[in-house]
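Hydrogens, waters and symmetry mates are skipped; everything else that's a heavy atom, side chains included, is used.
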Amino acid sequence: MAGRFDPLTRAAVRGGRTDVPAGRASTAGSGAGERRWTPDGPVDLGLTLGPLRRGPADPTFRVTPDGSVWRTARTPQGPATLRVSRAGEQVHAEAWGPGADWFLEQLPVLLGAGDDPAAFVPRHRLVHASHRRRPGLRLTRTGLVLESLIPTVLEQKVTADEAYRAWRRLVRQYGEPAPGPAGPGLYVMPAPATWAMIPSWDWHKAGVDAKRSAAIVRAARVANRLEEAAVMDLPEAVRRLEAVPGIGPWTSAETLQRSNGHPDAITTGDLHLPGIVGYALVGDRDADDAAMLELLAPYAGQRHRAARLILLAGRTPPRRTPRMPRGDIGRL
């Protein structure tokens with residue numbers, strides 16, 4: 001749900017919030033392409049781009065003290081680095097690499113220009129309060145499927161720490177340094193052909209079991225077909241992704257929330273989300289998917305946005321079972 005559930009930071013991470021300091025970013029230069037864009041309403045960079053961050057040490061995402069958000073991607077034109085910051089009412093972006101022009105062209109939709117927050121009508125007091133406190137929440141749309149699909153597959157049925165650790169290790173080992181002046185530590189994720197060629201022992205060292213690694217390899221082999229889903233309607237996009245063995249409703253929803261920015265791409269099959277929604281809205285911590293979907297029925301067309309606002313409100317049920325144990329099959 002636009003950000004992995006973390007038992008330490010709880011709903012804040014799960015709601016897709018990343019803290020971006022208030023600062024004045026200077027121009028990095030160094031041959032960058034530039035663009036300035038004035039949104040038609042408030043845009044919170046941390047809330048809008050936060051779902052793209054896979055843990056605090058994500059090698060493809062960085063927030064700096066001057067208030068800049070750095071992000072890398074393997075665009076249709078090649079690898080690229082994007083730096084985004086606020087400049088008064090404007091957003092200032094710089095980009096480097098073969099895919100720089102594509103990144104800058106996509107800047108408005110990345111920051112929610114294709115989103116329509118006015119279509120959302122709160123139906124519960126908690127949702128209304130969360131919505132009112134976050135006028136800058138926009139649903140990002142990256143237009144890139146595989147970059148969200150692969151880390152989502154890594155998150156299947158493991159703890160957040162395990163998934164983030166695997167993502168960091170594989171991107172640093174098989175990706176490439178980010179173009180531009182970002183400095184060491186920022187990487188572009190591997191190309192589809194590279195994902196498909198990772199040997200079994202490196203998946204194992206990264207703590208990724210055979211089921212998840214096989215799903216990623218299958219997806220990488222049909223990457224072009226999957227990328228077409230970025231411009232499809234939600235039902236058609238879901239069918240395209242779930243045609244790949246190992247990709248089910250949970251994975252497709254978590255992917256399309258980012259790649260397509262669809263406000264109704266609600267996550268089902270999640271261990272925590274139904275209980276959080278049920279507890280926040282009616283005090284039912286034992287709600288299942290059916291109960292959650294019934295509670296969110298008044299938000300038809302906007303269920304993903306409603307769920308994010310519920311998660312960001314931070315009203316989660318008290319823990320009554322031990323945390324899921326952290327494992328590392330790479331040590332076996």
*Which residues, ordered by chain and number, are linked to V84 in its hydrophobic cluster, where ILVMFWY side chains connect at heavy-atom gaps below 4.5 Å, directly or through other members?*
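V20, W37, V43, L45, L49, L52, F61, V63, V69, L82, V91, W102, F103, L104, L107, L110, L111, L144, listed by chain and number.
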Checking the side chain of [X] only, and the main-chain atoms of [Y] only, is there a donor and an acceptor separated by less than 3.5 Å?
X: R54; Y: R168; result: no
X: R53; Y: P56; result: yes
X: W70; Y: T64; result: no
X: D284; Y: G278; result: no
X: T72; Y: Y187; result: yes
X: R258; Y: P51; result: yes
X: T48; Y: D44; result: yes
X: N260; Y: A229; result: yes
X: S213; Y: A210; result: yes
X: Y299; Y: R305; result: no

Quick check for you: to the nearest 0.5 Å, what is the distance between [X] atom [atom1] and [Y] atom [atom2]?
X: D289; Y: E294; atom1: CG; atom2: CD; result: 13.0 Å
X: R125; Y: L281; atom1: CZ; atom2: CG; result: 13.0 Å
X: L256; Y: D264; atom1: CG; atom2: CG; result: 12.0 Å
X: T268; Y: D288; atom1: OG1; atom2: CG; result: 11.5 Å
X: R71; Y: T140; atom1: CZ; atom2: OG1; result: 7.0 Å
X: L146; Y: T255; atom1: CG; atom2: OG1; result: 9.0 Å

*Among R132, R133, R134, which residue meets the side chain to side chain donor-acceptor pair (under 3.5 Å) test with S130?*
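Result for side chain to side chain donor-acceptor pair (under 3.5 Å) with S130: R134.
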*Member of E34, R35, R86 meeting the side chain to side chain donor-acceptor pair (under 3.5 Å) criterion with H92*: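 Option passing the side chain to side chain donor-acceptor pair (under 3.5 Å) with H92: E34.
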Any side-chain heavy atom of [X] sitting closer than 4.5 Å to one from [Y]?
X: K205; Y: R169; value: yes
X: S259; Y: L149; value: no
X: D270; Y: W250; value: yes
X: Y164; Y: E155; value: yes
X: M292; Y: L295; value: no
X: L47; Y: R17; value: yes
X: I150; Y: L170; value: no
X: P318; Y: R285; value: yes

Pairing residues for [X] by the side chain to side chain donor-acceptor pair (under 3.5 Å) criterion, not counting sequence neighbours:
X: S200; answer: none
X: E105; answer: none
X: R138; answer: none

ILVMFWY network linking [X] to [Y], side-chain heavy atoms under 4.5 angstrom:
X: L137; Y: V109; value: no
X: I276; Y: V282; value: yes
X: Y174; Y: V188; value: no
X: V217; Y: W195; value: yes
X: L312; Y: I310; value: yes

*For L139 and R308, what are the C-alpha separation, side-chain angles and deciding distance, and is it a side chain to side chain contact (heavy atoms under 4.5 Å, CB included)?*
CA-CA 10 Å; L139 301 183; R308 275 202 71 186; 4.0 Å; yes
Looking only at heavy atoms, which two atoms of [X] and [Y] are closest? And how far apart?
X: P263; Y: G301; result: CG-O, 3.5 Å
X: P39; Y: E89; result: CD-O, 3.5 Å
X: V244; Y: A215; result: CG1-O, 4.4 Å
X: P274; Y: A287; result: CB-O, 3.2 Å
X: A80; Y: G99; result: CB-C, 3.5 Å
X: H128; Y: P122; result: CA-CB, 3.6 Å

*Determine whether more than 12 heavy atoms belonging to other residues, nucleotides or ligands lie under 6.0 Å from atom CD of Q77.*
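Correct, the count exceeds 12.
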*Are the charged groups of E227 and R74 less than 4.0 angstrom apart, N to O?*
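No, no charged N to carboxylate O under 4.0 Å.
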_Salt bridge present between D66 and R83 (N-O < 4.0 angstrom)_ =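 Salt bridge: yes.
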*With a 3.5 Å cut-off and no angle check, do the side chains of R303 and T267 form a donor-acceptor pair?*
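Distance-only check fails for R303 and T267.
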Side-chain polar contacts of residues 231-241 - donor-acceptor pairs under 3.5 angstrom, sequence neighbours left out - could you list them?
unit_1: R240; atom_1: NH1; unit_2: R225; atom_2: O; d: 2.8
unit_1: R240; atom_1: NH1; unit_2: E228; atom_2: OE1; d: 2.8

*Sort and list the pairs that fulfil ring-ring contact (aromatic ring centres under 6.0 Å, His included) and have at least one residue in residues 129-151, not counting sequence neighbours.*
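Every ring-ring contact (aromatic ring centres under 6.0 Å, His included) pair that includes a residue of residues 129-151, provided the two are not neighbours, is F120-H131.
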